[in-house]
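For reference, the structure is listed below as structure tokens.
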Number of protein chains: 2
Amino acid sequence: MVTTVFGAEAGERRIDPYSAGCPTRRILDRIGDRWTVLIVGALGADTARFSELKRRVEGISQKMLTQTLRGMERDGLVLRTVHPEVPVRVEYTLTDAGLSLRAPLKALEDWSIEHLGSVLDHQASYDVRAAPEAR
Amino acid sequence: MVTTVFGAEAGERRIDPYSAGCPTRRILDRIGDRWTVLIVGALGADTARFSELKRRVEGISQKMLTQTLRGMERDGLVLRTVHPEVPVRVEYTLTDAGLSLRAPLKALEDWSIEHLGSVLDHQASYDVRAAPEAR
DNA sequence: CCGCATCCAAGAGGATACTG
DNA sequence: CAGTATCCTCTTGGATGCGG
């Protein structure tokens with residue numbers, strides 16, 4: 001059984017993120033972490049080696065880059081090619097599945113760009129209202 | 001300056017998730033956590049009180065529900081209405097901004113449903129290849 | 001160059017008990 | 001009913017050092 005969260009009228013349904021059959025859980029496991037999203041964005045349609053990716057995704061540690069790329073490879077989102085030279089050269093490319101993720105992620109980014117201002121405004125006024133009496 | 005991650009040709013650009021101006025960071029801060037996504041889905045177009053939401057979003061603790069709702073209220077995604085009766089009744093509704101999030105999130109869910117099978121297959125074969133010699 | 005292993009600090013998040 | 005406060009555990013993720 002597949003649990004949809006956003007299909008039709010969502011309100012009436014119970015949502016179990018721990019249900020293995022719930023694809024939403026899968027989305028969140030993979031898309032939920034910032035690095036996967038950023039790597040998809042950083043890779044785009046081209047091929048890049050490890051060190052190049054590390055440079056593009058600013059602030060990522062090598063541990064997280066390795067770990068995230070492994071997860072994406074496991075999920076079939078990214079293709080890893082090892083060129084057995086000395087020193088080793090390893091290249092990463094998005095698979096078709098990985099590429100197809102770009103559209104929905106872009107939709108989220110568009111939403112974000114469109115609403116960023118409004119969100120910041122709300123935050124500011126909320127913080128004023130909830131202020132623990134500035135003194 | 002606004003940093004786009006998925007606009008046009010992403011590959012060549014450096015991505016700094018820590019840059020305050022990068023909306024992708026904002027998406028991830030809010031959409032990144034599973035609970036926000038699930039609450040948006042659970043609420044949909046209707047109004048629900050706290051306990052009803054807790055029932056719908058299976059597995060969420062009351063602490064996380066409160067905390068996530070507060071964050072969403074602060075961001076202007078959800079409207080919180082307190083009815084000063086005894087006992088108190090508190091109702092939550094998605095704002096227009098919150099409602100508008102449903103479309104991009106649904107796009108992600110659709111992607112997830114479409115690719116779930118392929119992802120599971122990849123995981124299985126990857127795990128076999130990488131198996132530390134079953135013994 | 002790529003990446004694994006180890007250690008360690010910080011935060012997320014559950015369980016529980018109490019309040020208006 | 002709808003939280004707040006406290007405690008405590010488990011995970012996340014950075015830093016560092018080693019190895020093919």
Side-chain angles (χ1 to χ4, degrees), chain A residues 15-18 25 28-39 42-43 47-74 78-93 126 129-133, chain B residues 15-18 25 28-39 42-43 47-75 78-93 126-127 129-133:
Chain A
I15 298 173
D16 181 6
Y18 297 116
R25 184 204 177 161
L28 298 175
D29 284 351
R30 191 118 301 290
I31 277 63
D33 85 285
R34 93 186 318 119
W35 298 128
T36 298
V37 175
L38 293 173
I39 289 174
L43 212 38
T47 294
R49 34 197 308 191
F50 186 85
S51 44
E52 171 61 18
L53 267 180
K54 179 142 168 36
R55 227 168 304 118
R56 285 190 196 166
V57 183
E58 202 144 337
I60 195 170
S61 68
Q62 158 256 52
K63 176 183 174 178
M64 278 300 98
L65 183 54
T66 302
Q67 186 172 306
T68 309
L69 284 170
R70 284 290 180 282
M72 293 174 71
E73 191 194 359
R74 190 175 105 101
V78 102
L79 186 67
R80 177 173 180 265
T81 316
V82 181
H83 300 270
E85 312 165 348
V86 183
V88 189
R89 187 178 43 137
V90 182
E91 293 187 323
Y92 294 90
T93 319
Y126 182 96
R129 280 199 306 282
E133 308 130 42
Chain B
I15 298 173
D16 182 6
Y18 297 116
R25 183 201 178 163
L28 297 174
D29 283 350
R30 189 117 305 287
I31 276 65
D33 86 286
R34 97 186 314 116
W35 298 127
T36 298
V37 176
L38 292 173
I39 290 174
L43 212 39
T47 293
R49 28 196 312 191
F50 186 85
S51 46
E52 171 61 18
L53 266 181
K54 178 144 169 33
R55 227 169 303 118
R56 285 190 195 167
V57 183
E58 201 143 336
I60 194 171
S61 68
Q62 152 260 52
K63 174 182 174 179
M64 276 301 99
L65 183 54
T66 301
Q67 186 171 307
T68 309
L69 285 170
R70 285 287 181 284
M72 292 173 70
E73 192 195 358
R74 190 174 105 100
D75 288 356
V78 104
L79 187 67
R80 178 173 179 266
T81 316
V82 181
H83 300 269
E85 311 164 351
V86 182
V88 189
R89 189 177 43 136
V90 181
E91 293 188 323
Y92 293 90
T93 319
Y126 182 96
D127 291 346
R129 281 200 305 282
E133 307 131 44

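Numbers restart at 1 for each chain; the letters A, B, ... are given by sequence-line order, proteins then strands.
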Worksheet item: Can you check side chain to side chain contact (heavy atoms under 4.5 Å, CB included) on T68(B) and I39(B), steps first, answer last?
Response: CA-CA 9 Å; T68(B) 309; I39(B) 290 174; 3.7 Å; yes
Item to complete: Could I get the full list of side chain to side chain donor-acceptor pair (under 3.5 Å) partners for S51(B), not counting sequence neighbours?
Response: none
Fill in: Axis bend over the full length of the helix from dC1(C)-dG20(D) to dG20(C)-dC1(D), computed from five pairs that close each end, to 10 degrees
50°
Worksheet item: Who are the salt bridge (charged side-chain N to carboxylate O under 4.0 Å, His left out) partners of D33(B), not counting sequence neighbours?
Response: none
Worksheet, complete the sentence: Between the CG atom in L79(A) and the CG atom in L69(A), the distance rounded to the nearest 0.5 Å is 11.5 Å
Worksheet entry | Length of the CD-P vector between Q67(B) and dG11(C), whole Å | 13 Å
Item to complete: Take atom CG of L69(B) and atom C1' of dC1(D), then tell me their distance rounded to the nearest Å.
Response: 14 Å
Practice prompt. Check the distance between dC2(C)'s P and L53(A)'s CG and give it to me in whole angstrom.
Written response: 10 Å
Item to complete: Using only side-chain N and O atoms of R49(A), determine if any of them is under 4.0 Å from OP1 or OP2 of dC1(C).
Response: no
Worksheet entry | S61(B): side-chain contact (heavy atoms from CB on, under 4.5 Å) partners, not counting sequence neighbours | K63(B), M64(B)
Worksheet item: When every nucleotide of nucleotides 15-20 of chain D is labelled 5' to 3' by its protein contacts under 4.0 Å (heavy atoms), B for base, S for sugar-phosphate only, - for none, what sequence of letters results?
Response: B----B
Worksheet, complete the sentence: Ranking dG3(D), dG14(C), dG3(C) by distance to the side chain of W35(B), first place goes to dG14(C)
Item to complete: For T47(A), enumerate each residue passing the side chain to side chain donor-acceptor pair (under 3.5 Å) test, keeping only those at least two apart in sequence or located in another chain.
Response: T93(A)
Discussion item. If the cut-off is 4.0 Å, is T66(B) near the phosphate of dA2(D), judged by side-chain N/O to OP1 or OP2?
Written reply: no
Discussion item. Is there a side chain to side chain contact (heavy atoms under 4.5 Å, CB included) between L38(B) and W35(B)? Walk through the geometry before answering.
Written reply: CA-CA 5 Å; L38(B) 292 173; W35(B) 298 127; 3.8 Å; yes
Item to complete: Specify the separation, in whole Å, of atom CD of E91(A) and atom C1' of dG3(C).
Response: 17 Å
Worksheet item: Roughly how many Å is it from CG in L65(A) to P in dG13(D), rounded to a whole number?
Response: 13 Å
Discussion item. If I take atom CD in residue E52(B) and atom C1' in nucleotide dC1(D), what distance separates them, rounded to the nearest angstrom?
Written reply: 14 Å
Item to complete: Report the C-alpha distance between L65(B) and V57(B) in whole Å, list the side-chain angles of each, state the deciding distance to 0.1 Å, and finish with yes or no for side chain to side chain contact (heavy atoms under 4.5 Å, CB included).
Response: CA-CA 9 Å; L65(B) 183 54; V57(B) 183; 5.5 Å; no
Using distance only, find each side-chain donor-acceptor pair of residues 82-92 of chain A under 3.5 Å and give its atom names and separation, not counting sequence neighbours.
from: H83(A); atom 1: ND1; to: R89(A); atom 2: NH2; distance (Å): 3.3
from: H83(A); atom 1: NE2; to: E91(A); atom 2: OE1; distance (Å): 3.2
from: E85(A); atom 1: OE2; to: R89(A); atom 2: NH2; distance (Å): 2.9
from: Y92(A); atom 1: OH; to: R80(A); atom 2: NE; distance (Å): 3.2

Worksheet item: Of the non-hydrogen atoms in I60(B) and K54(B), which two are nearest, and what is the gap between them?
Response: O-NZ, 3.2 Å
Practice prompt. Give a yes/no answer on whether the side chain of R70(A) brings an N or O atom under 4.0 Å of OP1 or OP2 in dG3(C).
Written response: yes
Discussion item. So if I take residues 79-86 of chain B and measure heavy-atom distances to DNA chain D, which residues fall below 4.0 Å?
Written reply: R80(B)
Worksheet entry | Euclidean distance, atom CE of residue M64(B) to atom C1' of dC10(D) [Å, nearest integer] | 14 Å
Worksheet item: Looking only at heavy atoms, what is the nearest atom pair of A42(B) and R56(B), with distance?
Response: O-NH1, 2.8 Å
Practice prompt. Under the side chain to side chain donor-acceptor pair (under 3.5 Å) rule, collect the residues that match up with T66(B), sequence neighbours excluded.
Written response: none
Discussion item. Rounding to an integer number of Å, can you tell me how far D33(A) CG sits from dT11(D) C1'?
Written reply: 14 Å
Fill in: Any Y92(B) side-chain N or O less than 4.0 Å from OP1/OP2 of dC1(D)
no
